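A short worksheet on the structure shown next.
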There are 2 protein chains.
Amino acid sequence: MARQKEFNQDIVLGKAIECFWQRGFSATSMKHLEAATALTPGSIYNSFGSKDGLFLACLDHYNETVIGARVKQYLLPAEAQYLNAPLAGIEAFIETAFDPGPAELCLGCLMVNSSVELGPHEESVRLRSKTAMKKVVKGMQYALGQAQAIGQLGNDIDCRQRAQSLLLLFNGMLVQWRGSPDKKWLKHAMHSVKDLLH
Amino acid sequence: MARQKEFNQDIVLGKAIECFWQRGFSATSMKHLEAATALTPGSIYNSFGSKDGLFLACLDHYNETVIGARVKQYLLPAEAQYLNAPLAGIEAFIETAFDPGPAELCLGCLMVNSSVELGPHEESVRLRSKTAMKKVVKGMQYALGQAQAIGQLGNDIDCRQRAQSLLLLFNGMLVQWRGSPDKKWLKHAMHSVKDLLH
DNA sequence: ACTATTCTAGAATGATCACTCTAAAATAGC
DNA sequence: GCTATTTTAGAGTGATCATTCTAGAATAGT
């Protein structure tokens, strides 16, 4: 009915996610976001309403494109590579989270970082975090179930409980990584992960 | 040689810690800190140099009075209560971290929170976080060793490795808590902890 | 009591914050 | 091509940011 937007929303959200991911919500200014997205204030506020609105849109987009995609790739049956090796899929899901991002920064997980930064004060963030964590647990639970089905994991194990333990361990690793760029600890940590896959 | 300070530094640091603990570094303003400490800008800058300086002083104070004290209370041999039950000490060390703070806020651990918020950009924070984490691991390692000595833990277990796994799990729980005020998950999580104490 | 030094109170600083406003540019329906 | 509507560019908004400044109050050594 009128003029059309000049930018692609997904690309813009991707760029904004990079900003929030590196610096967190509070330390990211509108100037940063304008520079990263190459948008003017008017366009941002016209599309997202506020810095908060853009941030929540980022969390939703991250939840779909990063977390959702990774769960599908490594944990759910879509990927042929891990069809007969679901435990290897879980390992890969965790280990690949520790590839350094741009500028050699330890990004960790935007959802975890945001939950730590804003969780106690922002219901909206808590909600999205909970959704994301649930998705990961479900994925791991599924993979563990598959492992049981093909005899790679004992049938005495409670997959849901074990998946939750894995998530806690994984989140702990993400935290550890933000504070330790060197990955010497990662090898030991992956050993802890493997202990939970027997 | 001249006028003496009117405030007690430890009390002031305690109040400032509360601020940073609740809101994180970036979201805490000098106004917040002035109100909480009942100090004027001049006094704060005279004693701590900058907001950053005050923050680092808080991390050091927290490391001594909170983390150090808790390690000593629950993990090291000082406390008679856990002398013959080192594993119970580890459990208590972890479980008591999830008592809600003032205003029913999920505080978690200031060191973990700060590491997530600022770790990738602030060497000074990373350094202090690493020191604190090491202290906790050493404490847990000691308690695990004691458990082995009195036959409550198998001698085949690598205490250092196990302590690191416990720390990761613990950090994961602290993260989880910031995003979930309800503690239904805590019971399951403590179950995961106990799995690592056998 | 005097002096040198430090601390405190609180107003004032420029910078930056998230956000808004205005006018021009673009397009869909007529 | 005209009109109605939306998006864009970019200057401008008051508020708040961390920090500094200035003047006065307090105290230790002389």
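Throughout, protein chains are lettered first and strands after them, A, B, ... in sequence-line order, and every chain is numbered starting at 1. As the structure is a prediction and not an experimental result, all values here were calculated from the model.
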**Request:** Applying side chain to side chain contact (heavy atoms under 4.5 Å, CB included) between A:Arg70 and each of A:Thr65, A:Thr96, A:Leu75, report the one that passes.
**Result:**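 Result for side chain to side chain contact (heavy atoms under 4.5 Å, CB included) with A:Arg70: A:Thr96.
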**Prompt:** At their closest point, which heavy atom of A:Leu54 faces which heavy atom of A:Ala16, and how far apart are they?
**Reply:**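 The pair with the smallest heavy-atom distance is CD1-CB, 4.2 Å.
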Please give, in whole Å, the distance from [N] [atom2] to [X] [atom1]?
| X | N | atom1 | atom2 | value |
| --- | --- | --- | --- | --- |
| A:Asp52 | C:dA18 | CG | P | 10 Å |
| A:Asn46 | C:dT20 | CG | P | 12 Å |
| A:Tyr45 | D:dT13 | OH | C1' | 12 Å |
| B:Met30 | C:dA12 | CE | P | 19 Å |
| A:Arg3 | C:dA24 | CZ | P | 13 Å |
| A:Lys51 | D:dA15 | NZ | C1' | 15 Å |
| B:Leu39 | C:dC7 | CG | C1' | 10 Å |
| B:Ile44 | D:dT20 | CD1 | P | 13 Å |

Please work out if [X] contacts a base, only the sugar-phosphate, or nothing of the nucleic acid, heavy-atom cut-off 4.0 Å.
| X | value |
| --- | --- |
| A:Phe7 | sugar-phosphate |
| A:Ser26 | nothing |
| B:Ser29 | sugar-phosphate |
| A:Ser50 | sugar-phosphate |

**Item:** Salt-bridge criterion met for A:Asp182 and B:Arg126 (N-O under 4.0 Å)
**Value:**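 B:Arg126 and A:Asp182: not salt-bridged.
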**Item:** Residues A:Lys31 and A:Glu34 bridged, charged N to O under 4.0 Å
**Value:** no
**Asked** Relative to the 5' end of DNA chain D, which residue comes earlier, A:Pro41 or B:His32, by the nucleotide with the nearest heavy atom?
**Response**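 This one resolves to A:Pro41.
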Where the side chain of [X] is concerned, which of [options] is the nearest nucleotide?
| X | options | result |
| --- | --- | --- |
| B:Ala2 | C:dT6, D:dC17, C:dG10 | C:dT6 |
| B:Ser43 | C:dA9, D:dA9, D:dA18 | C:dA9 |
| A:Glu6 | C:dA9, D:dT19, D:dT8 | D:dT8 |
| A:Thr40 | D:dA9, C:dG10, C:dT8 | D:dA9 |

**Prompt:** Hey, are the side chains of B:Leu186 and B:Trp177 touching, using non-hydrogen atoms and a 4.5 Å cut-off?
**Reply:**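 A side-chain contact under 4.5 Å is absent here.
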**Prompt:** Is any side-chain nitrogen or oxygen of B:Gln4 closer than 4.0 Å to OP1 or OP2 of D:dA28?
**Reply:** yes
